[in-house]
Amino acid sequence: MNPWVLIDTVPLPDGRGDIRLIQRADEFSIMLGTIALMNSRLSGSEEAMASLAWARISDRPRAHMLIGGLGMGFTLRAALAELPATAKITVAELMPAVLAWAKGPMAAIFDGCLEDRRVDIKINDVRNVIRSAKGVYDAILLDVDNGPDGLTVETNDALYSIAGLATAKAALRPGGVLAVWASAPDRAFTQRLERAGFKVEEERVRAHRKARGSRHVIWLARKPVSNNKA
């Protein structure tokens, strides 16, 4: 078996460690310490998040989707495959190195999707992007941690607090969807979503697109359409 080769190491913005890009043949993995944040062979649940969110807003031909976290582009590519030419996708990526990896060593995986005219990449904390928007997005997709807690960046905890969820809700248009990816269930987070005024669904999806392996969780939280409930 081919050995893993270190491609790059970059420090996290809060100084709590480094993330590393490693490669073995045509397989890539992004690591935080000994934790694999993502692997190029396990894309099923991230792709499903885009499909599940789009299914709930597919009656909006000019939908605007915000994706938090570029990663290996799984969610972005899945969204591009489904959204019409009139839609728009904003991707907020905190770390410039991740975008550099997408354009460099992982360019074959991204397969030109960054040049799609529907895509706008912002090197910015997704929290800032959400806070600056009021009723802008039809869907907000968050895959910036391994679940609703700040694993990669401690300040990400604010995304999943009641206040953070209220901010995300305000950034959505009526009937819009907040989708959150996680490696495992979290009942307390489901309850926070409900307290924040969302109608919540939970989907369990396979990590591998070939319907095998572990299951991940995707929360799909819809903002009420009625203004008096928003």
Side-chain angles (χ1 to χ4, degrees), residues 8 10 12-13 19 21 28 30 37-40 42-54 56-58 60 62-146 148 150-153 155-156 158-160 164 167-168 171-173 176-182 218-220:
D8 195 16
V10 294
L12 292 171
I19 62 169
L21 177 66
F28 291 87
I30 296 177
L37 298 178
M38 57 187 60
N39 181 281
S40 59
L42 299 174
S43 60
S45 58
E46 290 90 345
E47 292 167 349
M49 180 164 65
S51 300
L52 290 166
W54 172 243
R56 287 153 176 80
I57 58 167
S58 58
R60 307 180 185 199
R62 297 189 177 277
H64 189 175
M65 178 180 287
L66 171 63
I67 298 175
L70 178 60
M72 293 184 175
F74 302 141
T75 303
L76 173 60
R77 292 197 305 278
L80 287 170
E82 299 214 28
L83 271 62
T86 50
K88 180 178 179 181
I89 303 172
T90 297
V91 181
E93 172 53 53
L94 178 63
M95 302 185 67
V98 174
L99 180 59
W101 296 344
K103 293 180 175 180
M106 293 195 295
I109 293 176
F110 279 80
D111 194 24
C113 71
L114 298 178
E115 285 71 54
D116 191 294
R117 66 178 184 83
R118 292 171 289 175
V119 177
D120 177 28
I121 305 290
K122 295 184 182 297
I123 299 299
N124 200 346
D125 190 326
V126 69
R127 295 181 304 146
N128 296 334
V129 177
I130 292 172
R131 279 198 298 260
S132 67
K134 300 296 181 187
V136 169
Y137 300 109
D138 298 282
I140 297 173
L141 281 57
L142 296 179
D143 182 12
V144 293
D145 291 291
N146 268 16
L151 174 66
T152 54
V153 180
T155 53
N156 279 354
L159 279 169
Y160 314 111
T167 301
L172 287 167
R173 293 173 178 148
V177 174
L178 171 66
V180 180
W181 183 96
I218 297 170
W219 286 272
L220 297 149

Within the 4.5 Å heavy-atom criterion, are V177 and L52 side-chain neighbours or not? no

Just verifying a value: how many Å separate I130 CD1 and L178 CG, rounded to the nearest 0.5 Å? 7.5 Å

F74 and S40 have their tightest heavy-atom pair at CZ-CA, 3.6 Å

R173 to G135 - nearest heavy-atom pair and separation: CG-O, 3.2 Å

pair M106-L21: side-chain heavy atoms closer than 4.5 Å: yes

Residue pairs passing the salt bridge (Lys or Arg N to Asp or Glu O under 4.0 Å) test with at least one member in residues 104-117, sequence neighbours excluded, are D116-R118

Out of curiosity, D138 CG to R56 CZ, how far, rounded to the nearest 0.5 Å? 14.5 Å

Spacing of CD belonging to E46 relative to CE belonging to M72, to within rounding of 0.5 Å: 9.5 Å

Taking every heavy atom of A171 against every heavy atom of I140, the minimum-distance pair comes out as CB-CD1, 4.0 Å

Donor-acceptor pair, side chain of T167 and main chain of R131, under 3.5 angstrom: no

Are any of the side-chain heavy atoms of I19 and V10 separated by less than 4.5 Å? yes

Between the CG atom in L141 and the CE atom in M49, the distance rounded to the nearest 0.5 Å is 4.5 Å

When rounded to the nearest 0.5 angstrom, what distance separates CG in L76 from SG in C113? 4.5 Å

Backbone N or O of I109 within a donor-acceptor pair of the R77 side chain at under 3.5 Å? yes

What is the minimum heavy-atom distance between A50 and A79, and which atoms define it? CB-N, 3.7 Å

Residues 85-102 side chain polar contacts: donor-acceptor under 3.5 Å, at least two apart:
from	atom 1	to	atom 2	distance (Å)
T86	OG1	P61	O	2.5
T90	OG1	H64	NE2	2.8
E93	OE1	L70	N	2.8
E93	OE2	M95	N	3.0
W101	NE1	D8	OD2	2.9

Rounded to the nearest 0.5 Å, how far apart are CG of L114 and CG of D120? 11.5 Å

Between A63 and W54, the two heavy atoms sitting closest are CB-CZ3, 3.9 Å

Of all the heavy-atom pairs spanning A182 and W219, show the shortest one and how long it is. CB-CZ3, 3.2 Å

